[in-house]
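Report on the structure given below.
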Amino acid sequence: MLLVALVGAIALALAWPVPLVLERARWTLRAPALALLLWQAIALGGGIAMIGSLLGLALLPFPGGLDEAVPVLAAHLWSGPLPAAVGVVHIAALAAAGILSALLLLTLAATAVQVERDRRRHVSLVALLGRADPQRPNTVVLDHPVPVAYCLPGVTTVTVLSEGLIETLPPRELDAVLAHESTHLRQYHHLVLLAFRAWNRALPWFPIANRAERSVSRLVELLADDRAVREVDQEVLASAVERIGSAWGAAEASGTAAGRAVVDRAMLELRRARLTAPARPLPPAANAGVIALSAAIVAFPVFSVLTFMSGT
């Protein structure tokens, strides 16, 4: 019972106070890779702890774990009577664990299917409305006055640029933007975002899921900047981000349809400030601490679930 309560307490902590603290932490700007690792550990460990605590509660009347519970429940759940130690709370906890597991897995699958369907539709529209860039493979240029650059992952990746971006940025800054976008593809950021989008869709009433998706979206942008500056000058990328922000500001002020498009100006300003005045990296001890904490957040719930299932 003590282990069940402990896992439940961890599930509650990972569901609310811990993500709030991480979302507001400033060190994440200094180490976005570690922050992203910690967010993934919180999401995975929190889900396992939530399901595990329900499973542990359901299996309390069965000292032998699942090996003992499955035949008893299969034989008596519908025909009865159940053992005296098994009450409504235990059956409800078992049902909740199964429903929550199915909800998370099915939502992940459904989100992946929808994202892939949307990507294919987007690729088709881009191919119809844009033109291939003869100087850059797998790159499509759209006739759009506002600077835009993004990538479409898949078996064949596509990078989309606008005429406005090409006209706004000098060649070196354009190369810096392309390095940023290619990093998203090489590091599979779309898969990370997919998992957090699915979490948000599975639990839309859960405010932390929405906060987590926003925070992870910000971190992958910072990660792409960090990787891009290994290929291009940091000042060049900062200048490109500043030019893009200024161009979007002018478009918004003009009141044109393009100017009314949604753009995260705060994110652009954060990236520019971070590239212009980079903060000191975290000390090695802090790096090791975050890695160890991330491992523990996942390992302890997994160990607990295995313990509940085996009855040891």
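In this model, no donor atom of one side chain and acceptor atom of the other lie less than 3.5 Å apart for E221 and H189. Donor-acceptor pairing under 3.5 Å is lacking for the side chains of S215 and R211. R201 and T111 form a side-chain donor-acceptor contact under 3.5 Å, judged by distance and modelled atom types alone.
Using a 4.5 Å heavy-atom threshold, the side chains of P32 and D226 count as touching. Within the 4.5 Å cutoff, the side chain of I42 has heavy atoms near those of the L22 side chain. Put simply, the side chain of L3 reaches to within 4.5 Å of the side chain of F308, judged on heavy atoms. Between I297 and L38 there is a side-chain heavy-atom pair separated by less than 4.5 Å. Using a 4.5 Å heavy-atom threshold, the side chains of T168 and I244 count as separate. For the pair L55/L94, a side-chain contact is recorded, criterion being any heavy-atom separation below 4.5 Å from C-beta on. Side-chain contact between H180 and V229 is absent, with no heavy-atom pair separated by less than 4.5 Å. Between T159 and S182 there is no side-chain heavy-atom pair separated by less than 4.5 Å.
Within the model, atoms CZ of R274 and CG of L222 stand 4.5 Å from one another, a figure rounded to the nearest 0.5 Å. In this structure, L59 CG and L73 CG are separated by 8.5 Å, a value rounded to the nearest 0.5 Å. Atoms OG1 and CG, on T157 and L185 in that order, are 5.0 Å from each other to the nearest 0.5 Å. For the atom pair OG (S162) and OH (Y150), the distance works out to 9.5 Å, reported to the nearest 0.5 Å. Here L219 contributes atom CG and L193 contributes atom CG; the two are 10.0 Å apart, rounded to the nearest 0.5 Å. One finds the CD atom of Q234 at 12.5 Å from the OG atom of S239 (value rounded to the nearest 0.5 Å).
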**OP:** With side chain to side chain contact (heavy atoms under 4.5 Å, CB included) as the test, would you mind laying out the steps for L129 and V140 before giving the verdict?
**Re:** CA-CA 9 Å; L129 300 175; V140 176; over 6 Å; no

Original post:
Does the side chain to side chain contact (heavy atoms under 4.5 Å, CB included) test come out yes or no for L20 and I208, once each step is laid out?
Top reply: CA-CA 8 Å; L20 280 180; I208 288 302; 4.0 Å; yes

**OP:** Quick one: do V123 and T156 satisfy side chain to side chain contact (heavy atoms under 4.5 Å, CB included)? Show the steps, please.
**Re:** CA-CA 10 Å; V123 169; T156 301; over 6 Å; no

**OP:** Would you check, one step at a time, whether the test salt bridge (Lys or Arg N to Asp or Glu O under 4.0 Å) holds for R218 with E23?
**Re:** CA-CA 11 Å; R218 179 180 66 173; E23 182 192 32; over 6 Å; no

Subject >> Test side chain to side chain contact (heavy atoms under 4.5 Å, CB included) applied to W199 and L44, step by step >> reply: CA-CA 10 Å; W199 185 24; L44 181 58; over 6 Å; no

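A salt bridge between R120 and E116 is present, with a side-chain N of the basic residue lying under 4.0 Å from a carboxylate O of the acidic one. Under 4.0 Å is where a charged nitrogen must lie from a carboxylate oxygen, and between E231 and R186 at least one such pair does. Ion pairing of D175 with R172 is absent here, as no side-chain N (NZ or NE/NH1/NH2) approaches a carboxylate O to less than 4.0 Å.
A donor-acceptor pair is defined here as one N or O able to donate and one able to accept, closer than 3.5 Å; no such pair exists between the side chain of S53 and the backbone of V7. For the pair W248 (side chain) and P147 (backbone), a donor-acceptor distance under 3.5 Å is present. With R272 contributing its side chain and A238 its backbone, the two residues share no donor-acceptor pair below 3.5 Å. Judged by distance alone, the side chain of H90 and the main-chain N or O of G87 form a donor-acceptor pair under 3.5 Å. With hydrogens and angles disregarded, no donor-acceptor distance shorter than 3.5 Å links the side chain of S101 to the backbone of I99.
Classified by interplanar angle (parallel below 30°, tilted 30° to 60°, perpendicular above 60°), the ring pair F303/F300 is tilted.
Remark: Y188 engages H190, L191 in a side-chain contact (heavy atoms from CB on, under 4.5 Å) (not counting sequence neighbours).
The shortest non-hydrogen separation linking G45 to P301 is O-CG, 3.8 Å.
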